[in-house]
Amino acid sequence: MKDRIEGLLAKIRESAANLSTEEGLEQFRIAFLSRKGSIAQLFEDLKTLSADEKPSMGKALNVLRQTAQSLLDEAVENLQREKKSGKDVLDITLPGRAQHRGHMHIVSQTIEEISDIFRRMGFSVADGPEIETDHYNFEALNFPADHPARDMQDTFFITDSHLLRTHTTPVQVRLMEKYQPPIRAIFPGKVYRNEVISARSHVQFHQIDGLFVDKGVTFADLKGTLVTFAKMYYGSSLKYRFRPSFFPFTEPSAEMDISCYLCNAKGCRVCKHTGWLEILGCGMVDPNVFSFVNVDPEEFSGYAFGIGIERTAMLRHAIDDIRLLFENDLRVNHQFN
Amino acid sequence: MQLSLNWLRTYVDLPESLEELEALLTNVGLEVESIEDRRDSFKDIVVGEVLTCEKHPNADKLSVCTVSNGADVSTVVCGAPNVAAGQKVIFAQVGAHIEKLGFTIDRRKLRGIESAGMICSSSELGLDDDHSGIAVLQPGALPGTPIARYLGFDDVILGIGITPNRGDALSHIGTARDIAAATAGELRVPTPELAECPDPEPFSIDIRDPELCPRYSGAIVRDVTVTDSPDWLRKALTAAGVRPINNVVDVTNYVMMEIGQPMHAFDLELLEGSSIVVRAAEPGETITTLDDEERRLPERALLICDAVKPVAVAGVMGGQHSAVSTSTTSILLESAHFNPSSVRRTAKMLQLSTDSSYRFERGSDPNVTLWALRRAVQLILETAGGKLRGLYDAYPSPVLEKIVALRPAFVNRILGIEISASEQRRILEALQVRILGEDDAAFQCSIPTFRSDIEREIDLVEEIARIHGYDNIPVPTRIEMNVGTRFDDQAFPARLRNLVLGFGFDEILSSSLVSRGRAGVSGEGGTVVDVLNPVSKERPSLRTSLLPSILEAIDLNIRNGMPSVRIAEIGHVFAAMEEKNFTERNMLAFAITGNAQERSWYAPGRESDFFDLKGVLHQLVEALYIDNDTIFYYDRTSTLSEHVLTLEVKGRYAGQAVEVSDAILASFDIGQPVYYAELDIDLLCEALPKRQRYVSVAKYPSMTRDLAVLVAKDILAEQITRTVQLGNPAYLKSVRVVDVFTHGSIGKDRKSVAFTMTFQADERTLTDEDINDSVDAIVSALKRELQAELRA
Ligand SMILES: [Zn+2]
């Protein structure tokens with residue numbers, strides 16, 4: 001009996017090695033594994049054996065049956081795989097199965113990147129409404145009525161007292177109303193200007209404003225934070241300068257320029273041949289703003305800054321028309337991220 | 001503002017190089033926006049004198065001239081009809097490059113006669129558009145003078161950006177003052193030289209509203225000859241960007257560009273009576289201004305009137321009627337101080353901005369009017385002749401210098417550096433701030449009246465900082481952070497966006513302003529908010545939903561040949577609840593259209609359907625650890641579609657998922673299905689669980705059981721799964737619909753629904769017997785509740 005089992009095993013292995021067609025598989029199954037196949041025949045013969053031989057031979061037969069079955073399974077699987085690929089060899093040059101991948105808008109990317117740097121410097125992120133009141137957008141930020149400073153920001157009005165915010169700076173007033181210093185926050189968001197839409201200007205764009213109010217905050221601290229930001233965002237080798245400017249809500253006020261990275265400060269069309277690019281406006285919070293929110297300027301001081309997102313993104317990616325950013329032509333959006 | 005370097009140089013010593021000057025001005029806050037160096041223009045082009053001029057023997061339309069450059073005489077063939085002997089002309093010599101025409105002058109024969117040079121028209125030099133003939137210069141022009149110098153082009157023109165607070169810098173002397181302060185240099189302000197007028201003519205000035213006009217100074221000059229200005233004056237004005245008109249008007253503009261005081265000249269003969277009245281306009285009053293426009297005056301606009309009628313809009317523009325012309329012989333010069341807000345309001349309402357209004361709006365110096373008047377009279381006597389017949393000054397309550405206390409320690413506390421008190425004093429005095437005394441560690445500072453922007457201690461801090469130099473304030477080597485002050489950090493929208501990007505949606509950003517018709521599509525409650533002054537009449541309204549933006553983007557991309565898109569947008573939507581009460585919600589919208597699966601080697605293409613959208617929505621909610629079952633409802637209605645899946649958080653509408661109705665799609669020219677979902681980000685944020693607790697995983701295997709039932713066609717899948725779960729059958733863990741089909745063989749009002757159920761116990765491996773009771777209970781519930789029939 002033992003010899004017969006071993007003989008059959010050898011035969012099964014030999015047949016299994018040559019299985020390459022569906023007919024072959026079926027013949028193999030009938031020959032060895034069907035009810036009338038060779039293995040069934042041996043089980044039939046097992047009954048004639050003596051009681052001490054039965055258990056060991058029975059076990060051996062079971063092993064034989066399992067072996068034959070797994071050889072058959074394996075052959076079936078191989079054959080299916082070959083059929084699927086259509087060839088004997090897997091053509092790995094076929095394109096992979098398509099997956100959906102979303103692209104973040106370049107404005108969002110820029111906001112995220114900049115926010116991330118300020119988060120690392122301990123700033124929280126806050127937001128505010130886009131329909132603002134004249135009070136928050138202008139008055140509490142020390143824009144007197146009938147002052148030319150208001151010409152810097154052409155405004156969309158909703159009512160005589162409501163408007164679309166022209167900057168994200170009003171959020172600083174809302175924060176100082178709600179929280180006691182220290183306050184250390186940035187506020188990204190959409191802003192609106194009543195301007196004719198062209199390659200250079202749009203009725204909407206985005207800003208990130210920032211605010212830090214505490215005891216003993218100085219202009220030197222402002223420079224430290226903004227220089228750190230600029231080096232992290234634009235690279236540590238850049239040159240920078242701060243020059244006096246004017247914003248009603250800061251005093252002293254400044255604008256920060258970095259050396260033009262497009263022409264290596266040699267002068268080009270983009271930097272208007274000055275070698276400098278303006279990247280943000282900033283300054284020390286004006287005491288008048290503090291007085292609107294009942295913060296004592298003798299006890300606290302603070303700095304504020306604002307960065308234009310579209311301008312930053314357009315310079316960085318050589319986008320020459322701001323309208324491209326809000327048209328949502330996916331052939332444009334797909335170029336980023 | 002445009003400045004002439006040559007002019008500026010008369011008041012203060014300038015740094016050696018242009019680069020240094022540029023850096024200096026920018027560093028004190030007078031940003032140099034442009035530099036135009038004209039010194040190299042028009043090389044080899046000089047003033048020429050036409051000595052003789054005869055007809056060309058071989059050509060009717062040409063002349064043969066001899067032209068002197070002061071040293072040599074050349075023969076020049078000229079085609080201009082107006083050339084004549086004795087003229088002073090623009091003479092381009094051999095070698096000169098005419099940029100506008102793109103060629104260099106060479107000797108060449110014209111009809112047999114060699115021409116050595118060219119007599120030019122002003123248009124050929126690019127000066128204007130006069131093509132009628134050659135430019136004839138003033139008789140006094142000196143032959144051989146480089147034309148650049150003659151035209152005032154031997155200068156450097158600086159374009160300076162002046163911020164709205166620096167009205168004092170809007171002139172050559174104003175800018176020179178800052179240069180002197182920053183370089184510790186000397187400021188040379190000329191003193192007007194004027195003989196006294198012993199017997200002034202009687203003339204009165206009546207200021208009716210001293211708040212709007214604190215001061216009005218005037219001068220009468222008779223026997224003037226109004227003509228073209230002399231070259232120096234024309235050159236100076238041209239360099240400063242002001243168009244020369246006549247000697248009288250040019251002098252008023254010159255003084256304005258010199259000291260910043262706007263002035264006006266009236267033809268005295270055209271004024272009625274011997275007085276000036278300054279008063280507010282009455283309702284309905286009109287005036288025809290210098291630009292020949294009749295303007296209805298806004299109420300409270302300040303007017304300059306003679307004894308009978310308005311003759312100028314104060315600080316904005318003079319009237320046409322009394323304008324100075326070549327027939328004028330007597331003039332009244334005005335040098336006044338007007339309230340900045342009043343001038344600004346009037347100019348805004350008239351939609352008129354002039355050099356004058358621009359300066360008054362930014363604050364002029366009330367105490368410079370007489371200086372300016374004397375200076376102007378002096379220059380008019382020099383250039384137009386005549387006699388001073390009276391100086392008048394109405395100044396009811398003189399404006400005094402403000403006194404502001406400055407603590408040197410406060411300066412250092414704000415700036416974060418140590419500037420000594422003596423250095424601070426030096427800077428203040430360089431800016432013409434007088435230190436009256438020192439007490440309690442503070443300077444008592446008297447602020448010159450030309451600096452109307454300096455009112456407070458902090459304003460002086462800025463003055464010290466900008467003259468000290470912002471770049472001289474050191475950058476600290478470490479940044480301090482506060483502990484424990486973080487508040488509601490807005491990280492959730494970014495988290496949502498990242499999830500949606502992960503599901504393959506491209507983020508878009510659209511204009512919040514849309515057309516009136518589209519603004520209202522799908523908004524939840526409230527009415528559309530319009531802006532009062534839209535840029536575009538087509539897009540005056542704030543969107544109440546992100547749907548119009550999404551559909552516009554889909555339409556655009558379909559037209560661009562990309563019919564299959566998945567896009568998402570995060571943005572605010574707006575509505576008015578009642579007057580001056582607006583709601584604003586931050587929404588996330590995403591949409592699917594076109595193919596969900598493109599045709600490929602491994603699968604045929606598949607069009608997207610509602611369940612692509614719903615699958616994403618469920619995954620999104622699950623990714624936020626929110627239980628899907630608690631926020632979705634199917635029994636709402638929507639204006640967007642009859643099929644709507646609604647989200648609610650705490651009983652409030654928090655979003656929906658729909659197949660957009662054909663009618664809406666048609667209004668956006670979209671001819672394919674669009675599946676659209678929107679979520680209220682803030683409400684969704686409220687539904688977030690505080691934290692996620694670990695639950696131990698099952699130790700024992702689960703068993704599945706499949707059932708198929710026949711039910712009425714209108715029974716929803718959700719009804720079946722809820723019925724299966726009715727009464728919490730023992731061990732049932734989940735149920736999932738796996739097949740739905742209809743076929744004639746099962747009756748046309750019925751459908752077959754197959755579902756698979758998973759059973760599991762926490763404490764042991766289940767057997768068939770364990771779950772038979774549960775399955776029986778489920779089957780009978782289905783029969784009872786839904787009249788379901790079990791399929792074999
Ligand atoms: Zn550059």
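Chain identifiers are assigned alphabetically (A, B, ...) following the order of the sequence lines, protein sequences preceding nucleic acid strands; residue numbering begins at 1 within each chain.
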Tell me, side chain or backbone of A:Pro144 under 4.5 Å from chain B's heavy atoms, or both, or neither?
neither

Need one label for A:Arg120: side chain, backbone, both or neither, based on atoms under 4.5 Å from any heavy atom in chain B.
backbone

Within residues 22-35 of chain B or reaching into it, pairs that qualify as salt bridge (Lys or Arg N to Asp or Glu O under 4.0 Å) - sequence neighbours excluded
A:Arg243-B:Glu31

Ion pair B:Lys580/A:Asp160, N-O distance below 4.0 Å
yes

Against chain A, label B:Arg166 side chain, backbone, both or neither, depending on which of its atoms sit under 4.5 Å from a heavy atom there.
neither

Counting only heavy atoms closer than 4.5 Å, note whether A:His273 contacts chain B via side chain, backbone, both or neither.
neither

Interface moiety of A:Thr133 toward chain B, non-hydrogen atoms closer than 4.5 Å:
neither

In terms of heavy-atom proximity below 4.5 Å to chain B, should A:Thr228 be classed as side chain, backbone, both, or neither?
side chain

Can you tell which part of A:Val227 gets under 4.5 Å to a heavy atom of chain B, answering side chain, backbone, both or neither?
side chain

Let me know if A:Phe187 has heavy atoms under 4.5 Å from chain B in its side chain, its backbone, both or neither.
neither

Within the structure provided, determine whether A:Thr159 and B:Phe582 are in side-chain contact (heavy-atom separation under 4.5 Å).
yes

Portion of B:Leu542 that has a non-hydrogen atom of chain A nearer than 4.5 angstrom:
side chain

Any side-chain heavy-atom pair from A:Asn333 and B:Asp506 closer than 4.5 angstrom?
no

Does the side chain of A:Ser301 pick up a donor-acceptor pair with the side chain of B:Arg413 at under 3.5 Å?
no

With side chains defined as the heavy atoms from C-beta onward, is the minimum distance between B:Glu462 and A:Ser253 less than 4.5 Å?
yes

Hey, which of A:Arg241, A:Met284, A:His202 has the most heavy atom pairs under 4.5 Å with chain B?
A:Arg241

Is chain A contacted by the side chain of B:Arg466, its backbone, both, or neither, given a heavy-atom distance below 4.5 Å?
both

Given a strict heavy-atom distance threshold of 4.5 Å, which part of B:Ile417 is in contact with chain A: side chain, backbone, both, or neither?
neither

Compare all side-chain heavy atoms of B:Leu513 with those of A:Phe156 and state whether any distance is below 4.5 angstrom.
yes

Structural part of A:Ile111 lying under 4.5 Å from a heavy atom of chain B:
neither

Heavy-atom contact with chain B under 4.5 Å, split by part of A:Asn194
both

Part of A:Asp286 within contact of chain B (heavy atom distance under 4.5 Å):
side chain

Hey, are B:Glu584 and A:Lys190 close enough for a salt bridge, meaning a charged N less than 4.0 Å from a carboxylate O?
no

So what's closer than 4.5 Å to chain A heavy atoms on B:Ser600: side chain, backbone, both or neither?
neither

Going by the salt bridge (Lys or Arg N to Asp or Glu O under 4.0 Å) test, which pairs reach into residues 564-579 of chain B, not counting sequence neighbours?
B:Arg543-B:Glu569

Cut-off 4.5 Å, heavy atoms of chain A, and the answer for B:Ala596 is backbone

Contacting moiety of A:Asp257, where chain B heavy atoms sit under 4.5 Å
neither

With side chains defined as the heavy atoms from C-beta onward, is the minimum distance between A:Val203 and B:Pro534 less than 4.5 Å?
no

Can you tell me if CZ on B:Arg300 sees more than 12 non-hydrogen neighbours from other groups inside 6.0 Å?
no

Interchain contact, A:Tyr303 with chain B, by part (heavy-atom threshold 4.5 Å):
neither

Taking the side chain as everything from C-beta on, heavy atoms only, tell me whether B:Asp459 gets closer than 4.5 Å to A:Glu251.
yes

Report which part of A:Gln99 has an atom under 4.5 Å of a heavy atom belonging to chain B: side chain, backbone, both, or neither.
neither

Okay, B:Phe505 and chain A: the region with an atom under 4.5 Å from a heavy atom over there is backbone

Would you mind reporting whether B:Leu556 and A:Asp329 have side-chain heavy atoms less than 4.5 Å apart?
yes

